[in-house]
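Values below: every heavy atom of this structure, side chains too, minus hydrogens, waters and symmetry copies. Model, not experiment: these values are computed from the prediction.
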Amino acid sequence: MANYTFHQFRHSDKPSSEQGLCAAIGFFDGVHRGHRYLISQVKAEAEKRGLLPVVITFEEHPRLALTHTHYWPELLTTNEQKLQLLSETGLYGAAMLHFDHNMSTLTSREFMDLILRKELHVKCLLVGYDHHFGSDLSATFRDYVAYGRELGIEVLRQRPFTLDDELRVSSSATRRFLAGGNVEMARACLGRPYTIEGTIVEGHHKGTLMGFPTANLLPSCPEQIIPGRGVYAVRATVGGFTYKAMLNIGWRPTLDNGHDQTIEAHLLDFDSQPLYQQHMILSFYRRVRDEYRFASIEALQKQLSEDADTVREMLDQDD
């Protein structure tokens with residue numbers, strides 16, 4: 001029996017075991033615009049066939065079970081964020097599989113038979129243009145179709161989604177944009193600002209001494225990717241309120257911070273009361289500039305004042 005949890009997002013008159021499911025399989029990291037395009041196809045095909053639309057995803061990245069070396073997945077979303085985003089798409093639900101060594105040994109036909117057919121009652125399966133499942137790496141879409149005929153699962157090919165008819169949106173492309181600090185293109189791929197969240201911790205108080213007090217974020221998910229070093233225009237949500245904020249990610253070279261990377265948000269129009277141990281969500285809108293060393297603290301202060309004005313202008317444009 002497969003180890004999985006089924007998250008039901010909306011009610012149905014019939015249980016899935018009777019009505020059957022129309023599904024797509026994937027890690028769905030980020031639930032980006034390509035994922036949502038696939039989900040729209042799942043919903044359309046489900047409606048045609050009188051099935052319930054779902055996605056089948058994984059509790060942990062499959063590569064963690066497939067590699068003997070240390071693998072750091074660099075996630076776009078936590079499981080909680082992923083499920084929340086999936087619940088907003090109109091799906092009936094999501095099956096979250098625990099991908100372990102035993103599951104990794106299943107061939108594609110075994111996976112379709114034991115998990116899709118017997119466990120989840122999938123009647124129709126949409127397969128992504130670049131998606132592969134099963135330990136038999138040589139299996140192709142044509143093989144999936146043949147296995148489906150034997151098992152009573154209709155297998156369809158997903159239509160790919162491209163941004164402006166050029167960029168094929170994917171989780172890996174979004175990660176590359178974020179690693180390079182291009183949060184604007186990441187936002188275009190995701191269809192929303194990229195977010196990280198965590199706890200506000202005490203810093204070195206250097207920002208306060210310069211007149212720019214900061215809330216220092218300790219991310220709640222260490223596996224979630226942090227955008228590249230630089231200064232960003234973000235919105236920070238703390239205690240139920242959202243503020244425009246100037247964010248620095250990096251080593252603070254002017255303050256000789258070494259290679260101790262910090263994530264520091266200066267909340268604009270905030271009364272600077274202590275926020276330690278509160279939860280904060282950062283939403284990335286624009287990149288302001290690279291991080292670099294200034295000749296003096298005074299030069300840094302002058303630049304920070306200019307950066308704050310730039311952040312206001314950028315975020316005003318997004319209002």
At their closest point, which heavy atom of [X] faces which heavy atom of [Y], and how far apart are they?
X: M112; Y: V155; answer: CE-CG2, 3.9 Å
X: T195; Y: S283; answer: CG2-OG, 3.3 Å
X: Y4; Y: L97; answer: CB-CD2, 3.4 Å
X: T57; Y: F27; answer: OG1-O, 3.0 Å

- Message: Is the shortest side-chain heavy-atom distance between H266 and P213 below 4.5 Å?
- Response: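 Yes. Closest side-chain heavy atoms under 4.5 Å.
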Measure the spacing between [atom1] of [X] and [atom2] of [Y] and express it to the nearest 0.5 Å.
X: M185; Y: L178; atom1: CE; atom2: CG; value: 11.0 Å
X: L91; Y: L86; atom1: CG; atom2: CG; value: 6.5 Å
X: E60; Y: E223; atom1: CD; atom2: CD; value: 10.0 Å
X: N3; Y: E119; atom1: CG; atom2: CD; value: 10.0 Å
X: L156; Y: R159; atom1: CG; atom2: CZ; value: 10.0 Å
X: L75; Y: K82; atom1: CG; atom2: NZ; value: 8.0 Å

Would you say the side-chain atoms of [X] pair up with the backbone N or O of [Y], donor to acceptor, closer than 3.5 Å?
X: Q158; Y: P160; result: no
X: N216; Y: I200; result: no
X: R33; Y: A188; result: yes
X: D29; Y: L76; result: yes
X: T77; Y: G30; result: yes
X: K43; Y: T89; result: yes
X: R36; Y: V31; result: yes
X: D143; Y: T140; result: yes

- Decide yes or no on salt bridge (charged side-chain N to carboxylate O under 4.0 Å, His left out) for E74 and R175, but give the supporting numbers first. CA-CA 8 Å; E74 293 192 313; R175 291 188 197 99; over 6 Å; no
- Item | Aromatic F161 / basic R168 pairing, under 6.0 angstrom, 45° off normal |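 Relative to the ring axis of F161, which defines the angle, R168 lies outside at least one limit.
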- Item | K244 charged N/C atom sitting above Y285 aromatic ring, 6.0 Å / 45° |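 That pair does not qualify as a cation-pi contact.
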Distance only, no hydrogens: is a donor on one side chain within 3.5 Å (strictly under) of an acceptor on the other, for [X] and [Y]?
X: T262; Y: E264; answer: yes
X: E45; Y: Q41; answer: no
X: T105; Y: S135; answer: no
X: D136; Y: T107; answer: no

Between [X] and [Y], how do the two ring planes meet: parallel, tilted or perpendicular, split at 30° and 60°?
X: H35; Y: H32; result: parallel
X: F284; Y: Y232; result: perpendicular
X: F58; Y: F99; result: perpendicular

- Query: Are the aromatic ring centres of Y144 and F133 under 6.0 angstrom apart?
  - Reply: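 Under 6.0 Å, so yes.
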- Any chance you could lay out the side-chain contact (heavy atoms from CB on, under 4.5 Å) test for I263 and L282, step after step, and finish with the verdict? CA-CA 10 Å; I263 305 170; L282 299 175; 4.0 Å; yes
- Query: Taking 4.0 angstrom as the limit, do K302 and D307 come out as a salt bridge?
  - Reply: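 Result for this pair is no, no salt bridge flagged.
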For atom [atom1] of [X], decide whether the heavy atoms of other residues, nucleotides or ligands shown that lie under 6.0 angstrom number more than 12.
X: E47; atom1: CD; answer: no
X: E184; atom1: CD; answer: yes
X: R49; atom1: CZ; answer: yes

- Message: Could you see if I115 belongs to whatever hydrophobic cluster contains Y92? Use Ile, Leu, Val, Met, Phe, Trp, Tyr and a side-chain cutoff under 4.5 Å.
- Response: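 Shared cluster, yes.
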- Message: As a quick check of understanding, evaluate side-chain contact (heavy atoms from CB on, under 4.5 Å) for Q224 and Q81, giving each step before the final call.
- Response: CA-CA 11 Å; Q224 193 170 3; Q81 292 169 336; 3.6 Å; yes
- Run the side chain to side chain donor-acceptor pair (under 3.5 Å) check on Y147 and R109 step by step: do they pass? CA-CA 6 Å; Y147 301 150; R109 191 190 187 286; over 6 Å; no
